[in-house]
Each structure stands twice: as C-alpha cells, then as structure tokens.
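See structure below.
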Amino acid sequence: MKTSYTAMFVMSATLQRRAAISAFQHACGSAVSRISARTIASTSKVLLSAEGGGGRSSAAVADKDLLSKTDGKTQKQKKPAAILDTNPPKGTRDFYPADMRLRTWLFSRWRSVASLYGFSEYDAPVLESESLYTRKAGEEVTQQLYNFVDKGDRSVALRPEMTPSLARMVMAKKGGLNLPLKWYSIPQCWRYERMTRGRRREHYQWNMDVWGVEGIEAEAELLSAMVTFFRDVGLTSEDVGIKVNSRGVIGEVLTELGVPEEKFAATCVLVDKLEKVPIDAIQGDLEELGLEKSTIEQLTTVLTNKSIESISAVLPSDSNAVRELSQLFKLCEAYGIADWIQFDASVVRGLAYYTGVVFEAFDRRGVLRAIAGGGRYDKLLETFGGDPTPAAGFGFGDAVIVELLKERNVLPSFEGSGFDTVVFAMSEDLYGVAVEVASKLRGEGQTVDLILEQKKTKWVFRHASRNEARYCVIVAGNEYENGEVSVKDLSVGEQKVVKIDALGDWAKEVSES
C-alpha cells in the first residue's frame with residue numbers, strides 16, 4: 001500500500017510538472033511570436049524562438065528576412081546630395097574681400113563728396129509696398145519689379161529706386177521736417193531687366209536730393225557735386241560729359257502740337273524709349289494715348305537740337321524752359337564746371353515724375369551706357385496724396401562707374417588688404433610675446449595682422465607682400481632676450497631692431513611719415 005501510494009504521488013507530480021511546462025511553453029511561444037513580428041536588429045541578442053518551444057536562438061536565425069536586408073543589391077540606396085550651385089542668382093554679385101574693398105572705397109568717395117556739400121545720410125527698407133512704384137505711365141520700372149505677396153497677404157516689392165521711399169519718409173513727417181533738406185543715401189536697388197555691361201539686376205546707387213528749393217540753384221548744386229566726384233576719382237571733362245535738357249521744352253513743344261497736358265508724362269516715357277527701339281515698336285502705345293505717329297516724329301525732330309540757341313528758335317519767345325536752362329548754364333560757369341555740361345534736347349529720362357530740368361552723365365567715347373541721371377520732380381509728393389513740394393535729385397549707379405574707371409585705367413588696385421603691420425613669432429613659445437606686440441600696435445591705431453599659427457619665415461614675408469603690408473615685426477629668440485623685436489620696412493627692404501617698450505613711439509613716428 002505504501003508503495004502504491006508513493007507511485008501515485010510520483011505520477012501525480014510528473015503530470016503536474018508536464019502541465020506546467022506545457023503552459024510555460026505556450027506562453028513563451030505567444031510572446032515570441034509578437035516579438036518576431038517586429039523589426040529585429042541583426043545583432044547577437046538571444047531571443048526566444050517562435051518555433052523553438054522555449055529554446056533559444058540568435059537573431060540571425062529568428063529574422064528570416066535578414067539576408068534580404070543586408071544584400072547590397074536589393075538594399076535601397078541613399079540618393080546622393082544635390083551638388084550646390086556656387087553661382088549667386090543671375091544678375092547678382094558676391095563680394096569677396098577685394099570686391100568689398102573696392103565697394104568701400106567707392107562709397108567713401110560718394111560720402112566724402114556729399115559731406116563736402118552739406119548733405120545728410122538717410123536710409124529706408126529694401127522691402128517696400130508695391131503700390132509705391134506702380135504708377136500708370138508706362139514706365140519700364142513697373143514691369144521690372146521683384147514683387148510678391150507676403151505671408152500677411154500684402155503686395156510688396158524690392159525697391160527698384162530710392163526716390164519714392166524718400167517721398168514716403170517726407171510725407172510721414174507731415175510737415176515736421178525743416179526745409180530745405182539736403183539728403184543722400186547709398187541703397188541697393190533691384191530691377192529684373194536685361195543685363196548688359198554695367199547693368200545688373202541689383203546695384204548700389206548714390207542718391208543726392210534737395211527738397212524745398214524751387215529755383216534752378218538746386219540742380220546747379222547737384223551737378224557740381226557730381227562733377228566733384230568725377231574729378232575726385234581721376235576723370236576729366238574729356239572722359240565724361242553731362243547732357244542737360246528740360247521737360248519744360250518737351251511740354252512747350254507738345255502744347256504747340258496740340259497734345260493735352262495730362263498726356264505729357266506718358267509721352268515723355270515713350271520718347272525716352274526711342275533710344276532703344278524704332279518708332280514703329282511703340283505704335284500701339286501711341287494709339288492708346290491718342291497720339292498720331294506724325295506728332296511724335298515732329299517732336300523727335302525738335303529734340304535733335306543741341307544748343308539752347310537752336311531750341312529757342314522753335315519755342316515761344318517767352319519760353320520759361322529756355323529761361324531756366326540759360327540760368328542753369330550761367331550757374332555752371334560760376335561753379336567752374338561749364339566744360340562738363342552740354343545742352344541736348346533728346347535727353348528726356350524714362351521716369352514719369354520728372355517735371356523740369358533733366359540731366360544725364362555719359363561716357364564721351366560712347367562705350368558705356370548712361371553713368372548717372374536725375375532732374376526735378378516737383379509733383380511726386382502729389383501723386384501719393386501729399387502737398388506739392390519742389391524737389392530735385394540724381395541717382396548714380398556703382399556698376400557703370402567702375403567699368404568706366406577700368407576703361408580709363410584710373411581704378412586703384414584692391415587686391416591687397418593693406419595692413420599696416422604683420423606680426424609673427426619665430427617659435428611657439430614666443431607667441432604670447434607676439435600677441436602683446438600686436439596689441440600694443442593696435443592700441444596705437446595700427447591695423448595689424450597677427451599670424452595665428454606657426455609658419456615659415458618665407459611664407460610670412462610672401463603673405464605680407466601679397467596683402468601690401470607696410471611693415472613686418474618679427475619676434476625672435478635672440479632679440480627678445482634683449483627686450484627687442486625686428487621690424488622690416490617692406491617698401492624699401494630695410495630691417496632694424498626696436499625696443500618692445502618703444503613700439504608705441506615707433507608706431508606714432510611711422511604714422512606721421
């Protein structure tokens with residue numbers, strides 16, 4: 001009995017154990033099935049196999065798709081990164097250091113002249129409301145806008161010119177500005193136009209404007225400033241001339257031809273286009289204005305006059321335009337610029353807002369397009385709903401003048417950085433001394449290029465020469481032990497030693513020489 005009881009106990013325990021193992025295997029199998037449905041990394045992790053009944057296998061065995069995942073032929077290849085286009089957008093420029101030195105030089109010449117004539121600098125946003133430029137007179141500028149609708153659903157444009165921004169600023173003060181005002185600016189302007197030599201889709205432009213002066217004295221002052229700049233950069237009246245005319249001349253001729261005054265501005269814009277296209281090309285525009293082709297032909301015949309005397313013969317005897325032009329030429333003589341100025345009735349200028357004298361600087365050799373231009377625009381403020389305010393000004397682009405200076409071989413070189421001094425240490429342990437020397441010289445106002453890493457002496461001298469440095473200060477062991485440094489004058493090749501404590505006096509001495 002005892003034996004039977006024992007056997008039954010063993011049999012029961014065995015059955016219980018088998019039931020427990022079966023339950024465990026069922027639970028593990030379900031868990032592993034869920035795990036194997038996920039993406040399993042091809043590592044050596046040990047996982048319960050979905051088929052192994054609780055046995056263990058590597059991930060390589062558990063993941064049946066491992067071969068297809070690692071097969072280079074079937075694996076999805078990454079697309080190569082697109083190669084960067086290193087060119088700036090068409091019609092625009094990069095300004096590398098040498099280009100920036102040229103631009104800085106040009107801007108400094110413009111600022112210097114403006115200061116000589118008592119003008120104050122101003123600026124405005126490059127982004128303006130599109131409505132500031134969309135006048136309805138057929139001007140090219142309205143078709144050349146870089147314009148778009150911003151995220152606030154506003155129609156905006158990159159400025160194509162600065163004068164409308166100036167008008168907006170004057171209006172914003174609501175009579176709070178003391179007139180006359182003489183302001184200048186050097187804005188970047190944008191126009192989507194056909195590119196030629198000296199014409200890009202972005203350019204910088206020197207603007208000088210006089211507001212609040214009704215008389216021709218404003219134009220004379222502006223013309224004198226323009227000539228002063230030309231002289232300052234090495235040009236003469238044999239290189240550059242300035243053609244002068246008056247919208248008043250055109251207005252008086254159009255009156256004689258029976259054209260109503262409200263069509264004067266649009267007619268002037270069309271006449272300005274005749275320099276670029278034949279008269280047949282603007283036939284549709286003429287018809288839209290209600291003008292006969294014969295009217296424009298008669299007008300262009302009058303505009304071939306090249307002297308005030310000849311234009312006087314075809315205008316009324318009491319012509320206000322002739323009187324103003326005669327007075328302007330007398331003032332140009334007083335300024336000493338008469339040899340730069342010439343009358344040319346064909347000069348119209350393409351902006352509709354001009355109302356009086358207009359002028360245009362040109363290359364006397366005829367190689368380049370107009371260098372600068374401007375005139376009187378007394379009614380501009382009225383077109384924006386403001387009060388009539390007399391105003392005159394000019395715009396002077398950077399691209400054409402640089403081309404002209406190159407043509408005449410009077411553009412300075414800007415290849416070198418023009419440091420006063422290059423400082424370098426002959427050994428690494430003397431670099432701290434070189435820093436002290438550079439700091440001392442900078443404290444005296446010198447421009448100093450400190451060599452920041454170990455270089456051979458030959459490289460340093462080449463670097464100094466390439467950047468047109470005046471001096472090279474060498475911190476070497478032997479001299480430093482005596483409290484000295486070597487200073488080489490690169491213009492003459494002479495070298496001398498200078499006490500470190502006396503470097504301030506040396507810097508003052510060479511700055512005065």
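Computed from a predicted structure; not experimentally measured. Side chains are part of it too, since the values below use all heavy atoms of this structure and drop only hydrogens, waters and symmetry mates.
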- Message: Measuring only between side-chain heavy atoms, which start at C-beta, is Tyr471 closer than 4.5 Å to Val422?
- Response: no

- Note on the structure: Hits for salt bridge (Lys or Arg N to Asp or Glu O under 4.0 Å) against Arg168, two or more places apart or cross-chain, chain-then-number order -> Glu128

- With sequence neighbours left out, what residues match Glu509 under side chain to side chain contact (heavy atoms under 4.5 Å, CB included)? none

- Query: With a distance cut-off below 6.0 Å to the six-membered ring centre and an angular limit of 45° from the axis, does Arg159 pair with Tyr133 as a cation-pi contact?
  - Reply: no

- Mutual orientation of the aromatic rings belonging to Trp183 and Tyr122 [parallel < 30°, tilted 30-60°, perpendicular > 60°]: tilted

- Indicate whether any N or O donor in one side chain lies under 3.5 Å from an N or O acceptor in the other, for Asn207 and Gln205. yes

- Message: Check whether Thr92 reaches the backbone of Pro89 with its side chain - one donor and one acceptor, N or O, closer than 3.5 Å.
- Response: yes

- Can you sort out the partners of Arg408 under salt bridge (Lys or Arg N to Asp or Glu O under 4.0 Å), two or more places apart, ordered by chain and number? Asp239, Asp363

- Item | Backbone of Gly152 reached by a side-chain donor or acceptor of Asp150 within 3.5 Å | yes

- Message: Once side chain to side chain donor-acceptor pair (under 3.5 Å) is applied, do any residues pair with Asp94, and if so which ones, sequence neighbours excluded?
- Response: none

- Message: If you define the side chain from C-beta out and look only at heavy atoms, does anything of Ser165 sit under 4.5 Å from Leu132?
- Response: yes

- Query: Just checking, any donor-acceptor pair under 3.5 angstrom between side chains of Ser185 and Asp123?
  - Reply: no

- Query: If you draw the axis of the six-membered ring of Trp459, does the NZ or CZ of Lys455 fall within 45° of it and under 6.0 Å from the ring centre?
  - Reply: yes

- The complete set of salt bridge (charged side-chain N to carboxylate O under 4.0 Å, His left out) pairs with one or both residues in residues 436-452, sequence neighbours excluded, reads none

- Excluding sequence neighbours, so at least two apart, what forms side chain to side chain contact (heavy atoms under 4.5 Å, CB included) with Phe396? Trp110, Trp206, Met226, Phe229, Phe230, Ile371, Ala372, Phe394, Ile401

- Task: Determine yes or no for a side-chain-to-main-chain donor-acceptor pair under 3.5 angstrom, with Asp378 supplying the side chain and Ala391 the backbone.
- Result: yes

- Separation of Thr447 OG1 from Phe419 CZ (nearest 0.5 Å): 7.5 Å

- Quick one: salt bridge (charged side-chain N to carboxylate O under 4.0 Å, His left out) pairs with a partner in residues 492-503, sequence neighbours left out? Glu484-Lys499

- Query: Can you pull the salt bridge (charged side-chain N to carboxylate O under 4.0 Å, His left out) pairs that have at least one residue in residues 206-235, sequence neighbours excluded?
  - Reply: Arg109-Asp232, Lys182-Glu221, Glu219-Arg376

- Mind checking the NE2-SG spacing from His463 to Cys472? Nearest 0.5 Å is all I need. 9.0 Å

- Item | Matching residue for Met426 among Val475, Asn478, Ile474 - test: side chain to side chain contact (heavy atoms under 4.5 Å, CB included) | Ile474

- Message: Could you check whether atom OH of Tyr192 has more than 12 heavy atoms from other residues, nucleotides or ligands sitting under 6.0 Å from it?
- Response: no

- Query: How many angstroms lie between CZ in Phe424 and CD in Gln454, if you round to the nearest 0.5 Å?
  - Reply: 9.0 Å

- Message: Taking the side chain as everything from C-beta on, heavy atoms only, tell me whether Val485 gets closer than 4.5 Å to Glu479.
- Response: no

- Inter-residue atom distance Leu404.CG - Leu368.CG, 0.5 Å rounding: 6.0 Å

- Indicate yes or no for a side-chain donor-acceptor contact from Asn147 to the backbone of Ala157 under 3.5 Å, with no hydrogens or angles considered. no

- Query: Going by heavy atoms in the side chains, are Tyr184 and Val113 under 4.5 Å from each other?
  - Reply: no

- Task: Please tell me if the side chains of Trp105 and Val233 come closer than 4.5 Å, counting only heavy atoms from C-beta onward.
- Result: yes

- Query: Is a side-chain donor or acceptor of Ser224 paired with a backbone partner of Tyr335 at a separation under 3.5 angstrom?
  - Reply: no

- Query: Taking only residues two or more places apart in sequence or in another chain, which ones pass side chain to side chain contact (heavy atoms under 4.5 Å, CB included) with Ala167?
  - Reply: Trp211, Leu380, Leu381, Phe384

- Counting distance only, does the side-chain N/O of Asp505 pair as donor-acceptor with the main-chain N or O of Ala502 below 3.5 Å? no

- Note on the structure: Contacts of Glu468 meeting side chain to side chain donor-acceptor pair (under 3.5 Å) (sequence neighbours excluded), chain-then-number -> none

- Applying side chain to side chain contact (heavy atoms under 4.5 Å, CB included), run through Leu145 and Leu158 and close with a yes or a no. CA-CA 7 Å; Leu145 291 177; Leu158 298 179; over 6 Å; no

- Would you say Arg191 and Glu161 make side-chain contact, with heavy atoms under 4.5 Å? yes

- Message: Does anything in residues 84-93 form a salt bridge (charged side-chain N to carboxylate O under 4.0 Å, His left out)? List the pairs, not counting sequence neighbours.
- Response: Arg93-Glu202, Arg93-Asp398

- Under the salt bridge (Lys or Arg N to Asp or Glu O under 4.0 Å) test, which residues partner Lys330, sequence neighbours left out? none

- Query: Donor-acceptor pair, Ser129 side chain versus Ser131 backbone, under 3.5 Å?
  - Reply: no

- Electrostatic pair Glu121-Arg111, nearest N-O below 4.0 angstrom: yes

- For Ser439 and Val435, indicate whether the former's side chain and the latter's backbone hold a donor-acceptor pair under 3.5 Å. yes

- Message: Would Lys243 and Phe362 count as a cation-pi pair here, with the cationic atom under 6.0 angstrom from the ring centre and within 45° of the axis?
- Response: yes

- Tell me, do Tyr204 and Cys189 make a side-chain contact under 4.5 Å, heavy atoms counted? no

